[in-house]
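Below is one structure, written out as structure tokens, with a few remarks after it.
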Amino acid sequence: METLYGKKVAILTDNGFEEEELTSPKRALEEAGATVQIVSLQKDKVKGWKHDHWSIELPVDVNLEDADADDYDALMIPGGVINPDQMRRHHEYVDFARSFLETGRVVAAICHAPQLLIETGLLRERDVTSFRSIKTDLINAGAYWHDEEVVTDNGIVTSRSPEDLPAFNKKMIEEIAEGIHTKRYAFASSL
């Protein structure tokens with residue numbers, strides 16, 4: 001496994017994240033040597049969801065209003081049905097995620113998390129996957145959706161569900177270790 005010593009990763013979340021989709025990547029990132037911080041508009045803690053009920057509460061390390069995206073090498077967004085829907089309604093979350101996509105820093109999003117990325121307007125002609133129920137939303141946003149355990153496109157790492165976490169975690173760490181990815185533009189050059 002790659003080492004991420006000296007790398008700093010933001011986990012962007014609100015209440016309602018799927019527990020395993022935050023705790024498993026967080027643990028993998030920390031084991032690889034990264035400094036990981038939970039960033040949220042929630043003031044003190046965020047509450048997780050486990051299958052069909054509320055679960056753990058985790059401390060918020062940095063309030064989003066005080067966070068500077070430039071302080072982080074990568075962004076990880078856990079899914080869950082509630083979490084991305086909460087985040088996409090607040091421009092602060094959308095703007096924070098957009099800054100990573102615009103600068104070629106790694107963005108890893110699992111399950112329903114790509115719903116937040118749709119709001120950035122930067123998924124056009126990008127290869128992604130997600131939980132099946134948001135496939136049409138991603139296609140309508142101009143993305144190319146694939147039914148695979150992990151899909152990577154120039155620093156964007158996506159997976160479908162908790163069952164894909166081993167592949168997701170491995171690819172996320174690999175992409176972060178590579179560093180900044182060259183930006184791709186979704187337009188043809190004129191000659």
Side-chain angles (χ1 to χ4, degrees), residues 1-4 7-13 17-34 36 38-39 48-51 72-81 83-85 87-88 93 96-98 100-120 122-184 186:
M1 185 161 284
E2 303 289 337
T3 58
L4 299 181
K7 301 284 187 178
K8 191 173 177 183
V9 180
I11 294 181
L12 189 65
T13 192
F17 61 88
E18 185 64 41
E19 180 180 324
E20 189 177 12
E21 292 174 7
L22 188 151
T23 58
S24 174
K26 183 177 188 292
R27 183 173 47 256
L29 288 163
E30 289 171 341
E31 288 174 359
V36 181
I38 294 175
V39 178
W49 187 262
K50 188 170 184 176
H51 308 298
Y72 298 94
D73 298 291
L75 176 65
M76 188 272 153
I77 310 167
V81 176
N83 177 46
D85 192 54
M87 290 194 296
R88 68 183 179 168
Y93 287 116
F96 194 79
R98 182 184 294 116
F100 286 84
L101 294 171
E102 288 175 339
T103 57
R105 287 172 289 159
V106 173
V107 175
I110 188 165
C111 196
H112 288 77
Q115 284 181 313
L116 176 63
L117 301 182
I118 289 170
E119 298 301 317
T120 69
L122 297 174
L123 289 185
R124 184 170 165 72
E125 297 184 9
R126 303 302 291 265
D127 292 301
V128 298
T129 193
S130 67
F131 194 74
R132 183 171 282 290
S133 68
I134 66 166
K135 171 185 174 181
T136 302
D137 300 327
L138 287 161
I139 291 169
N140 288 340
Y144 303 124
W145 190 88
H146 306 275
D147 187 12
E148 298 174 18
E149 69 179 354
V150 66
V151 173
T152 305
D153 184 332
N154 214 35
I156 298 176
V157 180
T158 51
S159 281
R160 301 170 299 194
S161 69
E163 289 77 25
D164 299 331
L165 278 165
F168 176 76
N169 291 343
K170 180 179 178 185
K171 194 62 172 171
M172 171 183 61
I173 289 167
E174 178 185 307
E175 293 293 304
I176 294 169
E178 287 177 7
I180 300 281
H181 290 69
T182 304
K183 292 187 277 187
R184 254 186 30 179

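The figures that follow rest on heavy atoms only: side chains count, while hydrogens, waters and symmetry mates do not. In this text the structure is predicted, and so the values were computed from the model without any measurement.
In this structure, the separation between NZ on Lys7 and CG on Asp73 is 5.0 Å, given to the nearest 0.5 Å. Taking CG of Asn83 as the start and CG of Leu22 as the end, the distance is 8.5 Å to the nearest 0.5 Å. Distance check: Leu101 CG to His181 NE2 gives 12.5 Å after rounding to the nearest 0.5 Å. To the nearest 0.5 Å, atom CE of residue Met172 and atom OG1 of residue Thr152 are 11.0 Å apart. Ser130 OG to Ile110 CD1: the interatomic distance, rounded to the nearest 0.5 Å, is 11.0 Å. To the nearest 0.5 Å, atoms CD1 (Ile173) and CG (Asn169) are separated by 6.0 Å.
Within a 6.0 Å radius of NZ in Lys8, more than 12 heavy atoms belonging to other residues, nucleotides or ligands are found.
Between the side chain of Glu18 and the backbone N or O of Val81, no donor-acceptor pair lies under 3.5 Å. Without hydrogens or angle criteria, Glu19 side chain to Gly48 main chain gives no donor-acceptor distance under 3.5 Å. Looking only at distances, a side-chain donor or acceptor of Thr120 sits under 3.5 Å from a matching main-chain atom of Leu117. Using modelled atom types, one side-chain atom of Asp153 and one backbone atom of Asp127 make a donor-acceptor pair closer than 3.5 Å.
Shortest non-hydrogen contact noted between Glu119 and Arg98 is O-NH2, 3.6 Å. Across Val107 and Phe100, no two heavy atoms sit closer than the pair CG2-CB, 3.5 Å. Nearest heavy-atom pair, Phe168 versus Val150, reported as atom, atom and distance to 0.1 Å: CA-CG2, 4.2 Å. Nearest heavy-atom pair across Pro84 and Gly80 is CD-O, 2.8 Å.
Within the 4.5 Å cutoff, no side-chain heavy atoms of Met76 are placed close to those of Leu12. For the pair Leu165/Ser159, no side-chain contact is recorded, criterion being any heavy-atom separation below 4.5 Å from C-beta on. Contact of the Ile11 side chain with the Pro78 side chain is registered, since non-hydrogen atoms from C-beta on lie closer than 4.5 Å. Residues Glu125 and Tyr144 have side chains in contact (heavy-atom distance under 4.5 Å, counting atoms from C-beta outward). Between Val9 and Leu75 there is no side-chain heavy-atom pair separated by less than 4.5 Å. Looking only at side-chain heavy atoms (C-beta outward), Asp85 and Leu116 stay at 4.5 Å or farther from each other. When side chains are defined from C-beta on, Thr13 does not count as touching Ile77, because their heavy atoms never get closer than 4.5 Å. A heavy-atom distance below 4.5 Å is not found between the side chains of Ile118 and Arg88.
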Evaluation steps, side-chain contact (heavy atoms from CB on, under 4.5 Å), between Arg126 and Asn154: CA-CA 9 Å; Arg126 303 302 291 265; Asn154 214 35; 3.4 Å; yes
Using the side-chain contact (heavy atoms from CB on, under 4.5 Å) rule, take Glu102 and Leu122 through it: C-alpha gap first, then chi angles, then the decisive distance, then the call. CA-CA 8 Å; Glu102 288 175 339; Leu122 297 174; 3.7 Å; yes
Carefully, step by step, assess Trp145 and Thr136 under the rule side-chain contact (heavy atoms from CB on, under 4.5 Å). CA-CA 9 Å; Trp145 190 88; Thr136 302; over 6 Å; no
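In this structure, His112 and Phe131 have parallel ring planes: the angle between them is below the 30° cut-off, well short of the 60° mark.
Of the candidates Thr129, Thr158, Ile156, Pro114 forms a side-chain contact (heavy atoms from CB on, under 4.5 Å) with just one, namely Thr158.
The residues Asp147 and Arg132 are annotated as salt-bridged, a charged nitrogen and a carboxylate oxygen being separated by less than 4.0 angstrom. The existence of a salt bridge linking Lys26 and Glu30 is confirmed by a sub-4.0 Å separation between a basic side-chain nitrogen and an acidic carboxylate oxygen.
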